[in-house]
Amino acid sequence: MIQLRYSNLFAPTLKEAPSDAEIKSHEYLVRGAFIRKVTAGVYNYLPLGKRVLDKIWRIVKEEMDNIGAQEMLMPIIQPAELWKITGRWDDYGPTMMKLHDRHEREFTLGPTHEEVVTFLMKSELSSYKQLPVTVYQIANKYRDELRPRYGLLRAREFIMKDAYSFHSSWKSLDEVYQDMRKAYEKIMERTYLKYLVIEAASGAIGGNQSHEFVSLAPIGESNVLYCEKCGYQASDERTLYKGKYEKIGMDEEEKELERVETPNVKTVEQVANFLGVDKKRIVKSLLYVGRKGMVMALIRGDLELNEEKLKEVLNDQSLRMATPEEVLGKFEVPIGFIGPVGVKDVYIIADHSVKYIKNAVVGGMKEDTHYVNVNLNRDFKVDEWAEMRMVKEGDPCPVCGAPLKATKGIELGHIFKLGTKYSEAMKAYYMDEKGELKPFIMGCYGWGVSRTLSAIVEQYHDDKGIIWPISVAPYTFVVTIVNMNKKEQVEAGEKIYKALLSSGEEVLLDDRMTTPGIKFNDADLIGFPIRITVGKALKEGKVEVKMRHSNERIKVDYEEDAKLIETLKNMKESYKPEPKV
RNA sequence: CAGGGGGUAGUUCAGGUGGAAGAACGCCGGAAUCGGGAUCCGGAGGUCGCGGGUUCAAAUCCCGCCCCCCUGACCA
């Protein structure tokens, strides 16, 4: 039996919140001695944090093993060549931590492993008889986040479980996809997280499908739209607009095109105020840079453009907004005054909302001017129409039309049917029954393991600290000896501690030579589910047992081990903290 | 990357018009205590982010760099 007493535990708790903690999970994980920052977005896991991490790790591992996924380990350092084959050296580019060796060969610290695993399978699998195969790993990942924050939530180094499956049929992929879905639901249940499974696909295109597993939290960075009427749940980025298009001035006569002075009036808001028109009458012109050059995207002034949709429509993940300098270089017009009128050599793509605006307002293509009374086809042309708006709360549900509701969450899991994107790019083929070479059909499945710690703390805490669900608690019980100078308290504490240990429970004995207040506050902060207080009640032959979540306290006889253990196990059974959401 | 704030003890922070480095908490030793970070006495602990400059003298002024934090994410 391994014994570790609190007096020997490396758990430096903090009374004050660290100055950079903005959210409770970050504050409590640091104060409770679970983690310590090394540098922005990079953390040490202290012994308590490692214990919690191990529990989550084990849950994830067990659920993967249960569905027949095989654990392996892939390298953190990956050569640039692999990423150049799939084009992601540029697509993923800025988010990757890049480095080079002494010979100036380029590498990345892997943000994910599709390239590596596909390359592996390309060399090692050659026949349909060897398929399907699902492999996974739980390992460090690296992303050079624009701005790391929120402790483990948006970190630059983090621990992720990533699984990859290889198939010779879509049906087989679908089976593993469904298995993964169930496994993820089990992980959510075993960590007691309140969650939603949301559609992350923009439509049923060629069997491509994707779901996110989102742990609910107001501070979450995923925006979820859901429909109370039909049960539709999806990320806002992927929700299609299927509502009506408002007609703006469509009953008016087409007026004569006119260029007006709008000194220093740039944003839609400013233009609307300055000219005294509705924002809906303005056509917003956004310039993007992609693989095939520049693209101008148009959308009604009051709407937001959904970049994900644009990238998908144009099939170009490298798409990004042009910089002000690039805009100036292209049109010799500063941002704020560009528009589609007179544009010739730039591809123009427009949201359907633009179709229904007559006598619109657009940038004047000359500093400090705008065009008014602009009309489609007469004054500008559109090369392609698409649905590209960011759907918001209140917009109609794409399935049933009822108004959508919005909520926020933390993305923990993401499962994706990749299809043959990577296998084709990397020429990873197997031979089928007919002797033909076919690209592997693939799926990939991620789970943010380190991030799960934060997600749990976000849902399970109060103003004193963390309230761990037992399945992930660093220890289930803490035995608190109130007065270390009283021999009988020390003896009773030891006795209970050893009895719990030998009955297979995870327990920590707080034998520190310090005041009770410190012990109680640390216990609450760290969040042990059940505290056994060995103190003044000992005179009556009793110890006090306190539940962290409910504050319920009972006194129990401690003399008889068997009975005490039974009582404690019963209390453990009844320990059910409520998620805060 | 842009804009703003900051870097002084383990932590949270004062100090800043140039003139002997501070508080609280924590830590160490001791006393008295022992059911909610309690009290008293004594003590240790700093390259004031790094480098350069100005000066008799720099934490303080100037220049360069690094790091951290906040806001934003080019929505024209």
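Residue numbers start from 1 in every chain, and the chains themselves are labelled A, B, ... in the order their sequence lines are given, proteins ahead of strands.
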Out of [options], which nucleotide sits closest to the side chain of [X]?
| X | options | answer |
| --- | --- | --- |
| A/Ala40 | B/G72, B/C75, B/C68 | B/C68 |
| A/Lys37 | B/G35, B/U71, B/C68 | B/C68 |
| A/Thr39 | B/C67, B/C70, B/G35 | B/C67 |
| A/Lys464 | B/C69, B/G37, B/G36 | B/G36 |
| A/Arg149 | B/U12, B/C69, B/U71 | B/U71 |
| A/Glu16 | B/U11, B/U71, B/A38 | B/U11 |
| A/Glu544 | B/C75, B/G35, B/G37 | B/G35 |
| A/Met321 | B/U12, B/C75, B/G37 | B/C75 |

What is the nucleic acid contact for [X], judged by heavy atoms within less than 4.0 Å: base, sugar-phosphate only, or nothing?
| X | result |
| --- | --- |
| A/Asn521 | base |
| A/Glu22 | sugar-phosphate |
| A/Thr267 | sugar-phosphate |
| A/Arg553 | base |
| A/Val271 | nothing |
| A/Leu287 | base |

Is a donor from one side chain sitting under 3.5 angstrom from an acceptor on the other, for [X] and [Y]?
| X | Y | value |
| --- | --- | --- |
| A/Ser7 | A/Asp511 | yes |
| A/His414 | A/Ser210 | yes |
| A/Thr476 | A/Glu506 | no |

Under-4.0 Å salt bridge between [X] and [Y]:
| X | Y | answer |
| --- | --- | --- |
| A/Glu246 | A/Lys280 | yes |
| A/Asp302 | A/Arg389 | no |
| A/Lys37 | A/Asp20 | yes |

- Task: Could you tell me whether A/Phe337 and A/His370 have their ring centroids closer than 6.0 angstrom?
- Result: yes
C1' spacing across the pair B/C27 / B/G72, given as an integer number of angstrom: 42 Å
Looking only at heavy atoms, the pair that brings A/Val362 and A/Val283 closest together is CG1-CB, 3.7 Å
The ring pair (Phe, Tyr, Trp, His ring centres under 6.0 Å) partner of A/Trp468 among A/Phe34, A/Phe477, A/Tyr460 is A/Phe34
Under a 4.0 Å heavy-atom cutoff, the residues of residues 524-541 of chain A touching RNA chain B are A/Asp524, A/Leu525, A/Arg531, A/Thr533, A/Gly535, A/Lys536, A/Ala537
Gap between atoms [atom1] and [atom2], on [X] and [N] respectively (whole Å):
| X | N | atom1 | atom2 | answer |
| --- | --- | --- | --- | --- |
| A/Asn483 | B/A38 | CG | P | 16 Å |
| A/Ile518 | B/G36 | CD1 | P | 12 Å |
| A/Asp20 | B/C67 | CG | P | 17 Å |
| A/Arg512 | B/G26 | CZ | C1' | 13 Å |
| A/Leu146 | B/C1 | CG | P | 10 Å |
| A/Ile481 | B/G35 | CD1 | P | 14 Å |
| A/Phe520 | B/G37 | CZ | C1' | 12 Å |
| A/Lys15 | B/A24 | NZ | C1' | 9 Å |

Taking a pair to mean Watson-Crick or G-U wobble geometry with both distances below 3.5 Å, B/G45 pairs with none
Under 3.5 Å, N/O pairs linking protein and nucleotides 2-10 of chain B:
none

Around A/Glu332, counting heavy atoms of other residues, nucleotides and ligands shown, do more than 12 lie under 6.0 Å from its CD?
no
By side-chain hydrogen bond (donor to acceptor under 3.5 Å, both in side chains), A/Asn373 pairs with (sequence neighbours left out) none
